[in-house]
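What follows is a set of notes on a single structure, which appears directly below.
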Amino acid sequence: MVSALGVAVVGFGWMGRVHTQAYARVPHHFPQLPVRPELVTVVEDVPGRAEEAAERFGFATTARDWREVAADPRVHAVSITAPNFLHREIGVAMAEAGKHIWIEKPVGLTAADARAVADAVVRAGVQGTVGFNYRNAPAVVYARELIAAGEIGTVTHVRVRLFSDYAAHPEGALTWRYERERGGSGVLGDLASHGVDLARFLLGDITALTADTAIFVPERARPTGATAGHTRATGGEPGPVENEDYVNCLLRFASGARGVLEASRVAVGEQNNYGFEVHGTKGAVLWDFRRMGELGVSRGTAYQDQSVSTVFVGPGHGAYAAFQPGSANAMGYDDLKVIEAHHFLRSIAEGTPHGATLADAVHSATVLDAMSRSAESGAWVSL
Ligand SMILES: NC(=O)c1ccc[n+]([C@@H]2O[C@H](COP(=O)([O-])OP(=O)(O)OC[C@H]3O[C@@H](n4cnc5c(N)ncnc54)[C@H](O)[C@@H]3O)[C@@H](O)[C@H]2O)c1
């Protein structure tokens with residue numbers, strides 16, 4: 001029997017919309033789920049935005065203050081898709097109110113924030129799923145399986161890249177993302193958090209690192225109105241960019257493997273150039289988010305001049321079969337969020353976590369904090 005599960009979405013910018021659409025689509029792709037999400041309420045700070053979302057996506061009610069959701073008995077699960085500085089307060093309060101949470105990365109401003117939310121979830125006995133969506137890509141799941149099965153030998157080194165240009169325009173508005181108080185770190189929390197999660201998902205724990213960071217666009221204009229996503233602003237009062245645009249980092253893994261992680265939000269010419277190359281003693285796996293359904297695989301016994309084949313993912317790789325019946329039908333970013341919604345709802349239905357959890361967010365945030373410390377001191381940091 002399928003039972004209804006009341007959900008709320010707090011913060012209706014890009015991620016709020018994507019979570020909402022994932023709730024709507026999840027029963028289409030995963031009909032075996034014993035719970036069916038019902039859109040109870042949407043919370044927004046910007047006047048009119050919640051009402052517009054309710055009208056367009058079918059929420060029963062709207063609210064201006066997220067505390068109303070914590071007290072609302074109709075709501076059993078909450079998407080926390082507000083800016084980073086609100087993650088801790090809202091995450092802890094929702095867990096304490098007995099709501100399951102699907103919270104966006106990086107889960108707060110620091111590892112202490114992520115830990116506070118993780119602890120609250122454990123104390124309350126609710127489920128907590130985190131928005132590390134790239135690990136949901138069927139090709140990434142397949143890469144992990146190949147690595148774990150020893151298909152590329154012993155992993156020697158990995159390169160993880162997250163290059164984007166969303167902050168490259170000098171007129172990009174000085175939104176919450178560029179402030180320490182509301183955004184926390186810059187590209188570390190925004191993109192490198194995904195990279196750290198991917199590296200751990202594929203290769204296991206990171207034990208030591210050294211990092212270097214830089215701000216390349218030091219000043220931006222403050223927005224003159226409400227913002228969502230990466231708004232442009234001209235004429236607003238200029239203010240300083242307080243967090244890093246760029247990071248490069250050397251990694252050591254518990255396995256002995258080495259890695260390089262590089263992330264930039266100001267890389268002109270790069271749009272969502274996210275991916276990895278994992279090398280082992282006998283082969284390699286290569287992935288690029290922009291060609292999400294393809295995995296480059298080099299395996300065999302040649303060692304030198306060994307070719308790379310492109311595997312088009314299909315049924316049997318990760319959650320692909322929930323979307324398409326045959327290989328090489330392209331999936332998109334939003335599909336990764338449908339998979340994440342499925343993990344969240346399945347965790348609630350079964351009382352056991354599936355997919356990325358708050359423990360994963362704490363691991364990622366701990367590594368990011370270590371990167372910040374290393375960038376300040378110039379030294380290697382052990383974890
Ligand atoms: N997983 C991913 O790939 C991914 C991608 C983008 C963003 N994110 C994360 O999602 C979160 C939101 O990012 P976004 O890009 O959607 O930002 P956004 O700026 O587009 O949206 C944030 C929304 O929250 C609203 N808001 C602010 N304060 C509020 C409050 N007190 N109550 C209710 N609503 C409030 C804003 O008005 C805005 O509409 C961030 O933590 C970000 O790191 C994750």
Side-chain angles (χ1 to χ4, degrees), residues 8-22 41-53 59 62-70 78-91 93-94 101-110 113-114 117 129-137 162 164 166-167 172-179 181-198 223 225-231 243 263 265 272 274 289 292 332-341 343-344 355-356 360-361 364-365 368:
V9 175
V10 181
F12 206 84
W14 179 26
M15 281 304 110
R17 176 182 59 73
V18 172
H19 280 225
T20 302
Q21 288 173 314
T41 194
V42 53
V43 188
E44 248 300 334
D45 201 32
V46 173
R49 201 172 271 178
E51 291 69 22
E52 196 184 318
F59 289 94
T62 64
R64 270 302 281 286
D65 187 341
W66 56 264
R67 288 166 193 85
E68 289 177 34
V69 170
V78 181
S79 275
I80 300 170
T81 47
N84 301 352
F85 73 100
L86 292 166
H87 291 177
R88 178 177 184 156
E89 193 185 4
I90 301 178
M94 292 302 173
I101 61 171
W102 177 11
I103 187 166
E104 270 307 328
K105 42 59 61 178
V107 188
L109 306 177
T110 59
D113 282 0
V117 180
T129 299
V130 178
F132 288 131
N133 29 259
Y134 297 107
R135 62 154 75 187
N136 300 328
L162 302 112
S164 205
Y166 67 78
L174 191 66
T175 61
W176 60 268
R177 287 175 199 282
Y178 304 94
E179 295 173 3
E181 207 172 289
R182 294 193 297 161
S185 60
V187 78
L188 283 176
D190 211 21
L191 297 183
S193 55
H194 282 297
V196 170
D197 184 66
L198 275 177
T227 66
H230 309 298
T231 314
N243 50 31
R265 63 186 181 189
N272 298 335
Y274 309 151
F289 166 66
M292 183 162 70
Y333 176 89
D334 285 10
D335 296 327
L336 303 184
K337 284 302 200 195
V338 175
I339 296 170
E340 207 164 88
H343 286 151
F344 179 48
D360 295 309
S364 172
L368 298 180

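Keep in mind that this is a model prediction, so the values were computed, not measured. Counting starts at 1 for both ligands and their atoms, following the listed order.
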Note to self: As a check for students: among Tyr333, Phe132, Trp66, identify the option with a heavy atom nearest to atom 2 (C) of ligand 1.
What the structure shows: Tyr333
Next item on the list: Considering only NZ, NE, NH1 and NH2 on the basic side and carboxylate oxygens on the acidic side, decide whether Glu52 and Arg49 come within less than 4.0 Å.
Entry: no
Check: Between His87 and Ala82, is there a donor-acceptor pair closer than 3.5 Å when you use the side chain of the first and the backbone of the second?
Finding: yes
Notebook entry, point to check: Which atoms of ligand 1 have any heavy atom of Lys337 under 4.0 Å away?
Noted result: 1 (N)
Note to self: Could you work out, for atom 27 (C) of ligand 1, the closest of Ala356, Pro106, Ala53, Pro83 by heavy-atom distance?
What the structure shows: Pro83
Notebook entry, point to check: Side chain, backbone, both or neither: which part of Asn133 has a heavy atom under 4.0 Å from ligand 1?
Noted result: side chain
Item checked: Between CH2 on residue Trp66 and CD1 on residue Ile90, distance to nearest 0.5 Å -> 5.5 Å
Checklist line | Region of Thr81 engaging ligand 1 - heavy atom pairs below 4.0 Å | finding: backbone
Next item on the list: Could you label the plane-to-plane angle of the Tyr274 and Tyr134 rings as parallel, tilted or perpendicular, counting under 30° as parallel and over 60° as perpendicular?
Entry: perpendicular
Notebook entry, point to check: So, Arg265 and Asp190, do they make that salt bridge, N to O below 4.0 Å?
Noted result: no
Checklist line | Contact (N/O only, under 3.5 Å) between Trp14 and ligand 1 | finding: yes
Notebook entry, point to check: Side chain or backbone of Arg177 under 4.0 Å from ligand 1, or both, or neither, by non-hydrogen atoms?
Noted result: side chain
Item checked: Per-atom contacts of ligand 1 with His194, taking only distances under 4.0 Å to non-hydrogen atoms -> 1 (N), 2 (C), 3 (O)
Checklist line | Heavy-atom closest pair, residues Arg17 and Asp334 | finding: NH1-OD2, 4.1 Å
Check: Atom OG1 of Thr81 and atom CG of Leu86: how far apart are they, to the nearest 0.5 Å?
Finding: 10.5 Å
Note to self: Counting only heavy atoms closer than 4.0 Å, does ligand 1 sit against the backbone of Phe85, its side chain, both, or neither?
What the structure shows: neither
Checklist line | Close-contact set for ligand 1 against Val46 heavy atoms, below 4.0 Å | finding: 37 (O)
Next item on the list: Look at the aromatic rings of His19 and Trp102 and report parallel, tilted or perpendicular, splitting at 30° and 60°.
Entry: parallel
Note to self: Side chain or backbone, does Arg64 bring an N or O within less than 3.5 Å of an N or O on ligand 1?
What the structure shows: no
Item checked: Where Leu162 and Leu191 come nearest, the two heavy atoms and their spacing -> CD2-O, 3.4 Å
Notebook entry, point to check: Does the pair Asp360/Arg135 count as a salt bridge with the N-to-O cut at 4.0 Å?
Noted result: yes
Item checked: Glu179 side chain vs Glu181 backbone, donor-acceptor pair below 3.5 Å -> no
Notebook entry, point to check: Against heavy atoms of Val43, which atoms of ligand 1 measure under 4.0 Å?
Noted result: 33 (C), 34 (N)
Note to self: When you compare ligand 1 with Gly131, is there at least one nitrogen or oxygen pair between them that comes in under 3.5 angstrom?
What the structure shows: yes
Checklist line | Interatomic spacing from CZ in Phe85 to CG in Asp113 - rounded to 0.5 Å | finding: 12.0 Å
Checklist line | Per-atom contacts of ligand 1 with His87, taking only distances under 4.0 Å to non-hydrogen atoms | finding: 41 (O)
Check: Ala82 heavy atoms, cut-off 4.0 Å: which ligand 1 atoms fall inside?
Finding: 11 (C), 12 (C), 24 (O), 40 (C), 41 (O)
Notebook entry, point to check: Of Asp190, Val9, Asp45, which has the heavy atom at the shortest distance from atom 33 (C) of ligand 1?
Noted result: Asp45
Checklist line | Atom indices of ligand 1 within 4.0 angstrom of Leu86 heavy atoms, with elements | finding: 28 (N), 29 (C), 30 (C), 31 (N)
Notebook entry, point to check: Considering Arg49, Lys105, Glu104, Arg67, which one's heavy-atom position lies nearest to atom 43 (O) of ligand 1?
Noted result: Lys105
Check: Quick one: does Trp176 get a heavy atom under 4.0 Å from ligand 1?
Finding: yes
